[in-house]
Amino acid sequence: RHSEGSNLYLPGATVATLMMLGALHIRRMYEEKQVDEARRQGREPEFVADWKATFLQMLPLRFISRTWGSLTSVELPVWLRPHVYNGWARAFNANLDEASLPIEEYVSLRDFFTRTLKEGARPLDPSTTCLLSPVDGVVLQCGQVTGTGTMIEQVKGFSYSVSSLLGANPHVSSSSSSLLEDGQTTQNPDESEATSRNQIESATEADSLRASSSQHILTRSPSETGNKGLFYCVLYLGPGDYHRIHSPSDWDVFYRRHFYGRLYPVNERAVRTIKNLYVLNERVVLEGRWSQGFMAMAAVGATNVGSIELKFEPELKTNIPKVGLSLATINSRSYGQNGLNVKAGEEVAVFNLG
Amino acid sequence: STVVLVFEAPSVETEDLSAHEKSRPESRNFRFTVANGERIKMGQALGD
């Protein structure tokens with residue numbers, strides 16, 4: 001009787017769990033349908049604080065992200081690969097026909113996630129005066145940064161400041177010099193030499209770059225702006241999208257900042273319920289100048305996609321364990337007086353799982 | 001994941017435009033060619 005009883009429990013608990021997950025999924029689909037409906041009627045989704053966002057703060061998001069990264073790095077047997085990757089493609093609307101390799105050749109999900117595309121899959125707009133999209137995705141917000149507050153709207157009802165996103169606050173330059181003394185953000189001893197060398201470079205040359213840096217742009221008076229405005233565009237990449245980041249124009253990259261930060265999810269729900277999401281999350285900011293003046297590009301990570309790898313700085317490590325690092329840690333580096341010249345459409349970085 | 005672009009571009013006040021440019025202010029100013037919620041692919045124009 002006892003064994004009979006316990007045999008009954010197991011299927012019951014499983015069914016109950018599956019039903020709960022199903023109910024949560026249906027609720028979420030209903031909410032997303034509501035958002036799409038509102039958008040179709042021209043009503044932008046509004047910011048609504050959510051207890052789940054508070055709950056998220058208590059989760060070990062970085063540990064979850066890194067575990068997810070380890071999982072998705074596992075080499076899959078060849079026979080299993082088409083099933084996993086086709087499943088991923090169906091779940092997230094990925095276009096497998098554009099992948100440059102036959103899908104059996106991607107050894108792990110992480111390898112598949114950073115797939116390159118066939119030659120010619122993404123032709124560049126031929127106009128010489130346009131700004132190109134650096135990624136595949138959805139335009140969440142775009143517009144002109146107005147007023148002295150230089151705020152960007154995260155979602156209707158909540159905005160965040162450009163200087164917090166880009167790290168243009170004066171403390172950043174001092175923090176790079178203060179980092180020289182403390183070296184507080186070096187990941188481990190043998191890197192401290194390399195990191196402090198970069199920071200010596202950044203602390204001395206940063207001053208000469210400041211004239212073009214975001215700090216100068218964001219703090220100058222309206223009379224100094226001349227005939228220029230500051231614009232922004234926020235692009236969201238879904239899990240099924242092509243995840244390599246290209247250059248939006250011909251430009252010179254003078255400065256790179258890596259914000260250690262958190263790894264909140266950045267899906268549409270998170271954007272509507274977590275304040276300062278893009279300013280809190282781990283991100284890598286490239287800053288420089290294009291033909292029309294200042295330009296910066298921030299690649300913002302998330303729980304699912306916590307890694308950002310730079311083509312011209314492969315040694316930069318993101319989504320590292322939290323040991324000894326504060327969330328406010330900023331590791332910055334300058335690319336010298338002439339910066340790095342990058343051509344429109346050139347690949348500059350890649351997001352990765354975990 | 002998310003990419004945020006922040007950039008300077010021409011934004012001339014209308015009163016500063018010459019008579020000729022007043023007829024086509026967009027000839028001088030940057031304007032987006034995409035809208036919120038629109039899907040986009042790498043290499044497509046965001047604006048001009």
Side-chain angles (χ1 to χ4, degrees), chain A residues 39 44 122-125 127 129-145 152 162 165-166 214 217 225 227-237 242-246 248-249 266 278 281 283 290 292-302 304-305 308 345 351, chain B:
Chain A
R39 178 166 277 142
E44 284 293 319
R122 290 291 178 274
L124 303 184
D125 189 295
S127 158
T129 57
C130 75
L131 194 70
L132 303 175
S133 175
V135 294
D136 279 16
V138 173
V139 178
L140 282 190
Q141 297 281 350
C142 64
Q144 186 164 358
V145 176
I152 293 184
V162 178
L165 173 77
L166 302 181
S214 46
I217 300 288
T225 56
N227 293 334
K228 293 285 168 73
L230 199 58
F231 296 83
Y232 68 92
C233 185
V234 183
L235 298 161
Y236 169 72
L237 295 81
Y242 166 63
H243 264 76
R244 288 177 182 265
I245 307 171
H246 295 249
S249 169
V266 288
Y278 303 131
N281 264 22
R283 60 194 180 282
W290 71 313
Q292 300 303 319
F294 170 80
M295 177 176 276
M297 182 156 71
V300 185
N304 174 21
V305 182
I308 300 155
F351 282 111
Chain B
S1 18
T2 304
V3 168
V4 184
L5 274 179
V6 179
F7 55 95
E8 265 189 313
S11 170
V12 184
E13 298 303 327
T14 312
E15 58 269 12
D16 298 347
L17 290 173
S18 66
H20 165 66
E21 285 164 335
K22 272 201 172 78
S23 58
R24 287 184 58 246
E26 70 280 357
S27 64
R28 279 292 302 278
N29 285 345
F30 177 84
R31 69 200 191 298
F32 282 102
T33 50
V34 293
N36 291 359
E38 186 173 335
R39 276 209 71 82
I40 192 158
K41 289 194 183 298
M42 192 291 285
Q44 279 182 258
L46 282 173
D48 207 323

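Quick note: numbers below take in every heavy atom, side chains included, and nothing from hydrogens, waters or symmetry partners. Fair warning: this is a prediction, and the values are worked out from it, not measured in the lab. Lettering follows sequence order; numbering is per chain, from 1.
Only the side chain of A:Ser127 comes within contact range of chain B, with at least one heavy atom under 4.5 Å from a heavy atom of that chain. For A:Ile308, no part sits under 4.5 Å from any heavy atom of chain B, backbone or side chain. Only the side chain of A:Phe351 comes within contact range of chain B, with at least one heavy atom under 4.5 Å from a heavy atom of that chain.
The minimum heavy-atom distance linking A:Pro134 with B:Leu46 is given by the pair CD-CD1, 4.1 Å. B:Asn36 approaches A:Leu140 most closely through the heavy-atom pair CG-O, 3.5 Å. Heavy atoms only, all atoms of each residue included: A:Asp125 and B:Gln44 are closest at CB-C, 4.5 Å.
Under the 3.5 Å distance criterion, the side-chain polar atoms of A:Asp136 are matched with a main-chain donor or acceptor of B:Met42. Not one N or O on the side chain of A:Trp290 forms a donor-acceptor pair closer than 3.5 Å with the backbone of B:Ala9. No side-chain donor-acceptor contact under 3.5 Å links B:Asp48 to the backbone of A:Leu131.
For A:Phe294 and B:Phe7, the ring centers are positioned 6.0 Å apart or more.
The side-chain heavy atoms of B:Val6 and A:Leu230, taken from C-beta on, include a pair separated by under 4.5 Å.
Scanning for salt bridge (Lys or Arg N to Asp or Glu O under 4.0 Å) contacts around A:Arg244 gives A:Glu347, with sequence neighbours left out. Take A:Tyr278 and apply the ring-ring contact (aromatic ring centres under 6.0 Å, His included) test, not counting sequence neighbours, and it matches A:Tyr160.
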